[in-house]
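Just so you know, these numbers use all the heavy atoms, side chains as well, and skip hydrogens, waters and symmetry mates. In this text, all values refer to a predicted model and were calculated from it rather than measured experimentally. Remember, it's 1-based here, ligands and their atoms both numbered in the order they're listed.
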Amino acid sequence: VPAASGSLQWAVVTCYISEVQRRSSFIYLDNAATTIVHHQVASFMTDAMRECFANPSSRHGLGLSADRRVQDVRRSLASRLCCREEQVIFTSGGTEANALAILGTISSAKKKRHALVSAIEHPSIRATARMLERLDVAVEEIPVTEGGWVAPEEVKHRLRPETVLLAVMHVNNETGVLQPVEEISEYIKHTRPDCLFLVDAVQSFGHIPLDIHRLGADLLTLSAHKIHGPKGVGCLALGRDVHVARLWGGGDQEGGRRPGTENVPGIVGFGKAVEVCPVGAEHLAQLNRLFLEMVEEKLPQARALGDATRRAPHIVSLAFAGIPSEVLLNALEREGVIASSGSACHGRRGLHSHVLEAMRVPRHMGVVRFSFSRMTSEGEVREAAEILASVVVSLKDLPKRR
Ligand SMILES: Cc1ncc(COP(=O)(O)O)c(C=O)c1O
């Protein structure tokens, strides 16, 4: 702004400040994409970066102390998941954990084999599973019901003697629908004990208690940033002594299964997040109930996706006929409500996701996902529901473009 135009300059500055103020007070309801880092996690990580900078593979005292911090977190995770410490492999997050689970267990192809992957898996599983085709593994998709869950019968029909891998996630990231993982694992354990069962628990960890044996998972994947921890760290946990081959060369870290210097601050932050955010869903269930009650009262035309009896409490996806998701999301953001159109992985591309396709949600339905965390307050949920109602009403009143 030229110095001469004093009043214009002042107007621009005032405008800028009010925009910043407006944007700094928002209601964050996109916790399935990522959560806000807990302040105790952030300060713990900052201290770890300063004090615990040594390489955990170094054999001097500083290195040994960094290694101890990593092993403490491994022990804590193993005890929560009910597996052994050496069965926890740290990775750079859920995506890598899923890739390691798939590609690290099914390597050299000796004869034609078969893998089953549910139609609603996260892209990190779907895309990696497709890579198996190069290894002479035929990959088949398991359909889901309109309620968004995998019927165990669909798995039973498709299992073959040569099926080496089955992937069914625990909680779907777009709809929050909990999958009947225990029932499925019970069946495969008795009929196809050689088939490995991969359960992506990225969206259930922290909300639902996870016992790897009770779930019947051979491979279980987690990510820290969904539970108020840092991004770029997660793990693959093993339910039995499965051989996991490294995906690239390098050092002997993580029992030789994941070479590369460990992300010590990230791992330490993961451990702290687990400690400060104990498993619990009561608060989330209350928020979810309140939000849905208000939405149902104000917007009877809204449709909550997924079987209501199977939904986890922290995610609710609402469909609105005739309003495109992006239009609704932008309008909500202008009013300070941050939500998303489903998976963050394709949200920006504005596609009708593979999950909505699999559930046969018509394309003219705009879908918005609201996801809560333990940091979300009741007041925020009430306000968000009010804003949503007024935004939907105002968009309905807009003249339609020809
Ligand atoms: C179900 C599910 N699996 C895997 C991932 C990937 O985890 P990360 O972001 O740690 O790579 C996500 C992230 O959104 C997810 O929701």
Side-chain angles (χ1 to χ4, degrees), residues 28-37 41 77 88-104 117-129 144 148-150 167-179 181 197-208 210 215 217 219-237 247 258 260 263 265-267 269-271 273-274 277 306 310-317 338-349 351 353-356 358-359 369-373:
Y28 183 72
L29 298 182
D30 195 16
N31 290 280
T34 197
T35 52
I36 300 166
V37 176
V41 171
L77 279 169
V88 174
I89 307 169
F90 288 115
T91 63
S92 67
T95 300
E96 188 196 323
N98 283 332
L100 184 59
I102 297 172
L103 300 175
V117 174
S118 95
I120 54 167
E121 293 300 296
H122 186 266
S124 57
I125 289 194
R126 283 163 59 85
T128 309
V144 294
W149 50 279
V150 175
V168 179
M169 69 199 322
H170 199 196
V171 166
N172 181 263
N173 49 302
E174 293 192 36
T175 59
V177 174
L178 183 68
Q179 305 298 315
V181 161
F197 188 26
L198 164 59
V199 178
D200 174 338
V202 166
Q203 291 290 348
S204 57
F205 184 53
H207 303 299
I208 298 171
L210 292 180
L215 275 181
L219 305 151
L220 187 89
T221 54
L222 311 179
S223 175
H225 73 100
K226 311 289 184 179
I227 55 154
H228 304 287
K231 289 163 193 54
V233 61
C235 74
L236 164 63
L247 299 186
R258 202 279 182 175
N263 170 5
I267 292 171
F270 189 4
V274 170
C277 301
R310 292 177 186 262
R311 281 203 304 263
H314 59 303
I315 300 176
V316 52
S317 272
I338 313 293
S340 88
S341 62
S343 167
C345 302
H346 47 65
R348 254 181 240 139
R349 281 187 276 144
L351 303 175
S353 79
H354 65 281
V355 176
L356 302 182
M359 292 169 68
R369 176 184 71 181
F370 298 90
S371 45
F372 315 115
S373 86

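The side-chain heavy atoms of His122 and Gln203, taken from C-beta on, include no pair separated by under 4.5 Å. Between Lys226 and Asn173 there is no side-chain heavy-atom pair separated by less than 4.5 Å. Counting heavy atoms from C-beta on, the side chains of Leu219 and Phe197 never come closer than 4.5 Å.
Between the side chain of Thr128 and the backbone N or O of Ser124, at least one donor-acceptor pair lies under 3.5 Å. Between the side chain of His170 and the main chain of Phe205, no donor-acceptor pair closer than 3.5 Å is present. Looking at Asn172, its side chain does come within 3.5 Å of a backbone N or O of Ile120 through a donor-acceptor pair.
For ligand 1, none of its N or O atoms has an N or O atom of Val202 under 3.5 Å away. For the pair Glu96 and ligand 1, the shortest N or O to N or O distance does not fall below 3.5 Å.
The Ser223 neighbourhood of ligand 1 comprises atoms 8 (P), 10 (O), with distances under 4.0 Å to a heavy atom of that residue. Atoms of ligand 1 lying under 4.0 Å from any heavy atom of Gly93, numbered from 1 in the order shown and given with element: 10 (O). The ligand atoms of ligand 1 that sit less than 4.0 angstrom from a heavy atom of Asn173 are 1 (C), 16 (O). The contact set between ligand 1 and Met169, taken as ligand atoms under 4.0 Å from a residue heavy atom, comprises 1 (C).
Residues Gln179 and Ser118 bring no donor and acceptor atom of their side chains to less than 3.5 Å of each other.
At a heavy-atom distance under 4.0 Å, only side-chain atoms of Lys226, from C-beta outward, approach ligand 1. If you look at His225 next to ligand 1, the close heavy atoms, those under 4.0 Å, all belong to the side chain. Contacts of Asp200 with ligand 1, taken as heavy-atom pairs under 4.0 Å, involve the side chain alone.
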